[in-house]
2 protein chains.
Amino acid sequence: MAQNLPQPTEAEMEILQVLWVQGPTSVRTVHEALSDRREVGYTTTLKLMQIMADKGLLRRDTTQRVHIYEAVVSEADTQHQFLSRFVDTIFRGSASQLVMQALGNHQASPTELEKIKDLIERLERDSQGPTK
Amino acid sequence: MAQNLPQPTEAEMEILQVLWVQGPTSVRTVHEALSDRREVGYTTTLKLMQIMADKGLLRRDTTQRVHIYEAVVSEADTQHQFLSRFVDTIFRGSASQLVMQALGNHQASPTELEKIKDLIERLERDSQGPTK
DNA sequence: AAGTATATACGAATCCTTTCGTAAATGCAA
DNA sequence: TTGCATTTACGAAAGGATTCGTATATACTT
């Protein structure tokens, strides 16, 4: 069933971001969202989305004149995919080192910090309890 | 003084990893470390390191026949550079979301979890105190 | 029907990274 | 000195991502 989709490239990530927020939509909508962030030609966006459809990253409905594209991969799965790779290549596999850096360098609101603390406590409790 | 060095590529990161561990050393040493991980030609490693020196990522001493290369950028700075970019492009700027995923998906030892909790508590205390 | 606007299709140019073949320089050993 | 091993220098090929020009199709308006 679900099989190996390629890792999205950087430009492809931009498009996925839009689709995750907007849901299934046309090239024009995606293109306009991208244009807010940087200069880019319409056919560039189109081509990219066609390539992504070929790769299996997007699914498209071509029954209407205006094709509707939809992300096949979920945001969470994609983040997970990138994260593993990132931890390995940049932090030599040490997730906790990454976490320390991320917390140190970036702002996190008190609420978010609380949530993270809760998560840690849950992890600690689980690691004491039966693993099986 | 220190100015904008380019973001290292993936292959360049592998070389930097070796140099961060070994300290300043020859192409041969780096090449042998890389060879442990994957098949790669000597001149490939050489060329890459020459390019990196051109870009300013490495510094080299050419007074001896065997040139000695040294990383200009520190591991921590490089991690920070990648992390900002990564949080933006993959996690839409939410560092805490990244932290949650990293903690959830990867193993962290009890000791590491403790360290992270300490850091959070320190951050919480600081955010109450005077920012200035 | 003709003209206009908007859509998709296709191919190619460009740019960057990665790889490596080949040549030239250097040092060492016989 | 001659030959061998090791090193650096250089150029270019190969592969992939990105961009966009141009052609073609489709719908709508007048």
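Note that this is a predicted model, so its numbers are computed, not measured. We name chains A, B, ... by the order of the sequence lines, and we start the count at 1 in each one.
Going from atom CG of B/Leu48 over to atom C1' of C/dT19 covers 9 Å, rounded to whole Å. Rounding to whole angstrom units, CE of residue B/Met52 and P of C/dT19 are separated by 13 Å. Rounded to a whole Å, the CD atom of B/Glu12 is 13 Å from the P atom of C/dC16.
Follow the hydrophobic side-chain contacts under 4.5 Å out from B/Val18 and you reach B/Val72 in the same cluster.
Within residues 54-74 of chain B, the residues approaching DNA chain D are B/Arg60, B/Arg65, B/Val66, B/His67, by heavy-atom distance under 4.0 Å. Taking every heavy atom of residues 29-46 of chain B and every atom of DNA chain D, pairs under 4.0 Å involve B/Tyr42, B/Thr43, B/Leu46, by number.
In this pair, A/Phe86 and A/Phe91 present their aromatic rings tilted. The plane angle is within the 30 to 60° band.
Listed here is the closest heavy atom pair of A/Ala71 and A/Arg59: O-NH2, 4.3 Å. Residues B/Pro8 and B/Met13 share a closest heavy-atom pair of CB-SD, 4.1 Å. Between B/Ser94 and B/Val87, the closest heavy-atom pair is N-CG1, 3.8 Å.
Contact of the B/Arg60 side chain with the B/Ile68 side chain is not registered, since no non-hydrogen atoms from C-beta on lie closer than 4.5 Å. Looking only at side-chain heavy atoms (C-beta outward), B/His67 and B/Met49 stay at 4.5 Å or farther from each other.
Salt bridge annotation for A/Arg37-A/Glu14: present, with a cationic side-chain nitrogen under 4.0 angstrom from a carboxylate oxygen. Between B/Lys117 and B/Glu112 there is no salt bridge, since none of the side-chain N atoms of the basic residue sits less than 4.0 Å from a carboxylate O of the acidic one.
Taking CE of A/Met52 as the reference point, atom CG of A/Leu57 lies at 5.0 Å (rounded to 0.5 Å).
Taking every nucleotide of DNA chain D with any atom under 4.0 Å from a non-hydrogen atom of chain A, the first and last of them, 5' to 3', are D/dA17 to D/dA27.
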